[in-house]
> 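Pasting a structure below so you can have a look.
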Amino acid sequence: MLKEIPKAYEPHKAEEVWYQRWVESGMFHGSVDSEKRPYTIVIPPPNVTDVLHLGHALNNTLQDILIRWRRSMNYEAEWMPGVDHAGIATQVVVEKNLIKEGKTRQQLGRDKFLKKVWAWKEDKFERIINQLRRMGCSCDWERTRFTMDDGLSKAVLEVFIHLYEKDLIYRGNRLVNWCPRCLTSLSDDELEREDIDSHLWYIKYKLKGSDEYLTVATTRPETMLGDTAIAVNPKDKRFKKLVGKSAILPILDRELPIIADDYVDMEFGTGAVKITPAHDVNDFEIGDRHGLEKLNILNNDGTLNDNAGKFAGMDRYDARRSLVEELKQRGCLDKVEDYKLSVSTCYRCNTVVEPYLSVQWFVRMEPLAEPAIEAIKSGELKFHPDHWSKTYLYWLENIRDWCISRQLWWGHRIPVYHCKDCAEIMVAREIPKSCSKCGSSKIEQDPDVLDTWFSSWLWPFSTFGWPEKTPELNKFFPTKSLFTASEIIYLWVARMVMASSEFTGKIPFSHVYIHGTVRDANGEKMSKSKGNGIDPIEIIDKYGADAMRISLVLATPEGQDPYISEKSFEQGRNFANKIWNASRLVISNFDGFEPKYELDPELSDLDLPDIWILSRLAKTIGQVNNYLSGFRFNTAAKVAYDFIWKDFCDWYLEMIKTRLGKDASEEVKNQARAVSGFVLIEIMRLLHPFMPFVTEEIYHLFPKVKESDFLNDLGWPEPKIKFINDKLEKDFELVQNIISAIRTIRSEMDVPPGKKADVLIKTSDKKAAEILKELEIQIVNLGRVKELTIGEDLKKPPLSASGVVAIGEIYIPLEGLIDLENERIRLEKELAKKKSFLKRVKKKLANKDFLERAPEDVIEAEKEKYDQAENSITKLNKNLEMLSGW
RNA sequence: GGGCAGUUGGCUCAGCUUGGUUAGAGCAUCUGCCUUACACGCAGAGGGUCGCUGGUUCGAAUCCAGCACUGCCCACCA
C-alpha cells in the first residue's frame, strides 16, 4: 500500500496540475452576484520594468495566504491582479537597452520608441503573470489590469479634469527637481539622497569701487554664473556697512547688489552668501523677497547655456573644474575646504538632480490630505505594525504640492492643449476643435505625460471601473487590506487614501500591512545590480512553491526585514516533506477505511492520545485564527508548524503506531484511523492557505476524493471548544517529561537504542501514578521499556542509573552496562544544577520584605519550589552515596 | 538636526502590552541511531543572565530615565 505513494513529495507535477484545475474551476473569480460578504485585496501592481524578485514573492505570498484564508471562510474573495507602467522607471530601462544597440530614444522618435516600450511591457507582463501563477497566487485573472488600460486611462483623465476644475491643479513656473539624464522633472518624493565627499569653495567677490573683497562660501561654484545678489544677515555687524552697496561677480564682471536677509546664518562659512535664484530653492525664495532676477544658466541636459558666457556648452561638472581653475588664476579663490555634502539623485538613474526653473503642473495637496489624516485618527484605517501610521501622518501633516508633469514619453499624456497661434492653454477631455480664445484650429496636445503615481493612486477603484458605477465597484470596493513595503507609504499608500476620499468618498482599504524588505544573509538589500538577488522561479524549481512560501513566512519576523539565503528554503522543503510522509503513514493505514471529515464522536470512546491531539488541534486552529486576524503571519505559521511537527508527528503519530499495528483489533484500528484521518484533513485545511499545492495533493490521496473536489470547498476548520481539555494536556506534559527523562538517562548511559530496558518510577504522588498508569503503554513504547514498574515504595535496584523528576525518581537497572564513572558525573552535574537553583530560592525566601509584600500565591509557589529542590537534592545525594558503595 | 525601529546563546528571532515557572524556538555544533512515514529523518546534549548606566519594586529581559551602537525615514543652512 505504502509503495504507491512516493517516499518524497514531488512538487512540480502537483503544482502544474492543481493550478490549472483551480483556475478552470473559477474559484479565483469573485462574483458580483454572490450573496457572500466580499473580501477584496488589490495587488500592489508590480512595475513592468523587470520580472519579480523575492521581495515580490514575500509580498504576494502574504496576500495569497490572506485571500485563500478568507475564501475558505466563505467570503466572496477577490484578489485583483495587475501591473504598473511605471513611467520613468520603464522608460529608463528601455532607453538603457537601446543604448546598448548604440541608439537613443531621440534618434528613434516618440512613436517608434513607444512601440519598443510596449513590446517590453508585453514581455515583462507575461513573465510576471507567469511568476505569480507559479507561486500559487490565487488572483482573479479575468480582472487583470494595467495602469495604461483604456479604463484606467479614462479614470486618470477624469481625475485631472476634476481637480483642475476644482482649482486643485495649477500650472506654475517654479524650481523643480530636474534629472539631466532623464530630461524630466521629478517630485520631491522621487529623490534618493546620497552623502558625498565634496568641498566648500571660498570665492572672493571684489567690492565695487574698492580694492577690498567680500568672500562667500559655496558647494556649487559653477552656479555663481547665475548669481544675482549677495546676501548677509541684517544683524551681522561685520557687513552692516556693505548692505546696499555692490560687488562684482568675478569673470563675468556683473554687478551684484548686497542685500540683507534673515535667512543667512552668520556662523556658517563667511556669513555672506551668493544668491542664485534660478538654481537653489532658498535663493529662489530670497529672490522673490528682494525682486531679484532669476537667471537660468543651465540647459535641460546639465550643460551650461549662453548665460554662462565662455562656459556655455560645457557640462556642469567640467564647467565647475575650469571655473575653479580660472578663479585660482585670477586670485579670486580664497581657499578650498573638504566638506561632506548631501545631494539628491534621480531614483531611477542615480544622476544628481538639479533645481531647475521650468513650467510644470502641480496638485494642491493640502485639501486632499485632511480626510487621509482623519482616516487614521478615527481608526477607519489601520497600519500593521501600528507605528507606521506615524510615518504616514508626518508626511500628510507636512504635505507639499505635487509636481505631476513629466517630460517623458511613456505614460498618460497630460490632457492639456496649446493653441499654436495665441499660445492659449486648454484643459479638456479631448482635443478641442478650435482655440477658446482666438478660434484658431491649430491646436496640439502638450507633449508631457503624467507622473506614474498619478495613475497608481487611483488603483483600488479605477481597476473596478470607476468613474462608471459598475457592479464590481459596488461589490468589491472599498477593499479590505493592502500589503506593501514601507518605501511607498508616501508615494502610493497615502495618495491612494487621498484619491479615494476625494473621488469616491471612501477610504480605499481598512488595513495596511507593512512587511520588511528582503535582505541577503549579510543584511544587504537584494538587488540585481549587486548580484545578490534570487529569482523566485529558481527557488520554486529547486524547492517547490510551497517550500518557498512557507520559508518566506517563517523567515519574516513581524515588522522586521527578513534575512534570506538559499538555505532558508530548506526549512520549507523539509516541512513539506514531513507533512507528506506523515500523510503517507496515516493514509496508507486506512486500508479501505473511509475517514469522516467531520468528527464528532463521544469523546469518552477515544483513546487518551486521541483526546489530547484533538485538544491541541482545537487550540492551534484558534491561535492561527487570532494571529491571521492580527496580520501576524509569522507567528501563525510557526504555531501551525510546531503543532504539526511536534504534537502531531513526534508525539501523536508515534503513539498510535501500536494501535495501527498487526496485533490490534479492527475496532481499535478504525478508531485510530478515524482520529488520525480527521486530524490530518484538518491540518490540510489549516495549512492550505500557506501551502496550497502539497495540501491539495494530499487531500486527493484520501479515499473517494474526486478530481473536481477542492480543499477550499471543505472550508476553514473550526476551533472546536468542546475538544479543548486543559487537564489532559497537563497530564500529557507529565508523561512527555517522564519519557524524555528516560530517554536522557538511556542516551547518557549509552544504552543502545535497540535495547529495551526495565524502568522503575518511584512516586508518592498518587494522582501522578494514576496518570502514568493510564498512559503506561506510551511510556513503554516511546521510552523503549521492557518492563515498567510504578510504585510508592520501590527500592533502587543495585547497579542502576537514576534520575530525579518532579514527581519522584526514575531507576533504570543497567546490569553489566552501567559505567559507574559516567553515572557519577551525570548525577553530580544534576546535583550542582539543583543546588544553585535552591540557593536562589532560599535567598528569596530569606528576604523579609519578600515575605511581607509579595502576594500569597507567589510565596506559596516559591516554598513549593524550595521543598521540591531540597527533596531532589536529598535523592541525588542518596543515589551518589549508593554509587560509592559499589 | 528631527523622527522611527532594533540591540536576548555562533546566526536569525520569540518572550517585554498585564514585572514573579531553573529565559524559549529554528539554523549551526556535538553524541548516538537507516527504531517497519520521513536521514529533507529520529533521540539526546552543550551553549545566553537578556547593549550600557542608573532608578522604581520584596522582585526587572519585562516598567521609567539617561547613554551607546546599528538600520531606516524625514530635513533648504550656502
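Residue numbers start from 1 in every chain, and the chains themselves are labelled A, B, ... in the order their sequence lines are given, proteins ahead of strands.
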> When rounded to the nearest Å, what value does the distance between P atoms of B:G44 and B:C63 take?
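Going atom to atom, P in each nucleotide, I get 34 Å.
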> If the P atom of B:C64 is compared with that of B:G20, how far apart are they to the nearest Å?
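Roughly 15 Å separates the two P atoms.
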> Using ring centroids (six-membered ring only for Trp), state whether A:Phe590 and A:Phe702 fall under 6.0 Å.
yes
> I want to check something: taking the side chain as every heavy atom from C-beta on, are A:Ile738 and A:Ile807 in contact at a cut-off of under 4.5 Å?
yes
> Counting only side-chain nitrogens and oxygens, does A:Arg193 get under 4.0 Å of the OP1 or OP2 atom of B:C72?
no
> May I ask you to say what A:Arg573 touches in the nucleic acid, namely base, sugar-phosphate or nothing, with a heavy-atom cut-off under 4.0 Å?
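If one applies the 4.0 Å heavy-atom cut-off, A:Arg573 turns out to touch a base.
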> Mapping A:Glu570 and A:Phe575 to their closest nucleotides on RNA chain B, which lands nearer the 5' end?
A:Glu570
> Kindly say if A:Lys567 contacts the phosphate of B:A28, meaning a side-chain N or O under 4.0 Å from OP1 or OP2.
yes
> Start with the C-alpha gap between A:Glu566 and A:Tyr543, add the side-chain angles, then the distance that decides, and say whether side-chain hydrogen bond (donor to acceptor under 3.5 Å, both in side chains) holds.
CA-CA 10 Å; A:Glu566 234 200 86; A:Tyr543 298 91; 3.1 Å; yes
> Compare side-chain N and O positions of A:Asn589 against OP1 and OP2 of B:A37 and report whether any pair is under 4.0 Å apart.
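A:Asn589 to B:A37 OP1/OP2: no side-chain N or O under 4.0 Å.
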> Report which part of the nucleic acid A:Arg632 touches: base, sugar-phosphate, or nothing (heavy-atom distance under 4.0 Å, all strands).
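Sugar-phosphate: the residue A:Arg632, judged by heavy atoms under 4.0 Å, touches backbone atoms but no base.
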> Under 4.0 Å, heavy atoms only, any strand: does A:Asn398 hit a base, just the sugar-phosphate, or nothing?
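No contact at all - A:Asn398 keeps every heavy atom at 4.0 Å or more from the nucleic acid.
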> With respect to the phosphate group of B:C42, does any side-chain polar atom (N or O) of A:Trp645 fall under 4.0 Å of OP1 or OP2?
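Indeed, a polar side-chain atom of A:Trp645 lies that close.
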> Base, sugar-phosphate or nothing for A:Val841? Non-hydrogen atoms, less than 4.0 Å.
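No contact at all - A:Val841 keeps every heavy atom at 4.0 Å or more from the nucleic acid.
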> Remember a base hit wins even if backbone is also touched, and classify A:Asp283 as base, sugar-phosphate or nothing at under 4.0 Å, heavy atoms.
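If one applies the 4.0 Å heavy-atom cut-off, A:Asp283 turns out to touch nothing in the nucleic acid.
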> Given B:A78, is OP1 or OP2 found less than 4.0 Å from the side-chain N or O atoms of A:Arg220?
no
> Does any donor-acceptor pair link the side chain of A:Lys657 with the base of B:A37 at a separation under 3.5 Å?
yes
> State whether the distance check finds a donor on one side and an acceptor on the other, under 3.5 Å, for side chain A:Glu558 versus base B:A14.
no
> Any side-chain N or O of A:Lys646 less than 4.0 Å from the OP1 or OP2 oxygen of B:G26?
yes
> Can a side chain N or O of A:Ser740 be found less than 4.0 Å away from OP1 or OP2 on B:G44?
yes
> Given A:Phe383, which of A:Phe631, A:Trp388, A:Tyr392 fulfils the ring-ring contact (aromatic ring centres under 6.0 Å, His included) condition?
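Among A:Phe631, A:Trp388, A:Tyr392, the one meeting ring-ring contact (aromatic ring centres under 6.0 Å, His included) with A:Phe383 is A:Tyr392.
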> Quick one: which of A:Tyr627, A:Tyr513, A:Phe690 gives a ring-ring contact (aromatic ring centres under 6.0 Å, His included) with A:Phe633?
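Option passing the ring-ring contact (aromatic ring centres under 6.0 Å, His included) with A:Phe633: A:Tyr513.
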> Using only side-chain N and O atoms of A:Tyr339, determine if any of them is under 4.0 Å from OP1 or OP2 of B:A78.
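Yes, such a contact exists.
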> Given the structure, check if the side chain of A:Lys578 and the base of B:C38 hold any donor-acceptor pair shorter than 3.5 Å.
yes
> Using a cut-off of strictly less than 4.0 Å, decide whether A:Arg519 has a side-chain nitrogen or oxygen near OP1 or OP2 of B:C11.
no
> Using the P atoms only, state how far B:G6 lies from B:A14, rounded to an integer number of Å.
9 Å
> NA contact type, A:Pro385, heavy-atom cut-off 4.0 Å: base, sugar-phosphate, or nothing?
nothing
> Ignoring backbone atoms, test whether A:Gln560 places a side-chain nitrogen or oxygen under 4.0 Å from the OP1 or OP2 oxygen of B:A14.
yes
> Say you pick atom C1' in B:C11 and the same atom in B:U31; how far apart are they, in whole Å?
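Straight-line distance between the two C1' atoms is 22 Å.
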> B:C13 and B:U7: how far apart are their P atoms, nearest whole angstrom?
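Their P atoms lie roughly 9 Å apart.
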> Treat a base pair as Watson-Crick or G-U wobble with both distances under 3.5 Å, then lay out RNA chain B in dot-bracket form, 5' to 3', with | for cross-strand pairs.
(((((((..((((......[...)))).(((((.......))))).....(((((..]....))))))))))))....
> Give, ordered by number, those residues of residues 858-873 of chain A having at least one heavy-atom distance below 4.0 Å to an atom of RNA chain B; if nothing qualifies, reply none.
A:Val858, A:Lys865
> Think A:Lys390 has a side-chain N or O under 4.0 angstrom from the OP1 or OP2 of B:C73?
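Looking at the OP1 and OP2 atoms of B:C73, neither is under 4.0 Å from any side-chain N or O of A:Lys390.
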> Measuring to OP1 and OP2 of B:A45, would you say a side-chain N or O of A:Thr744 lies under 4.0 angstrom away?
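Yes, such a contact exists.
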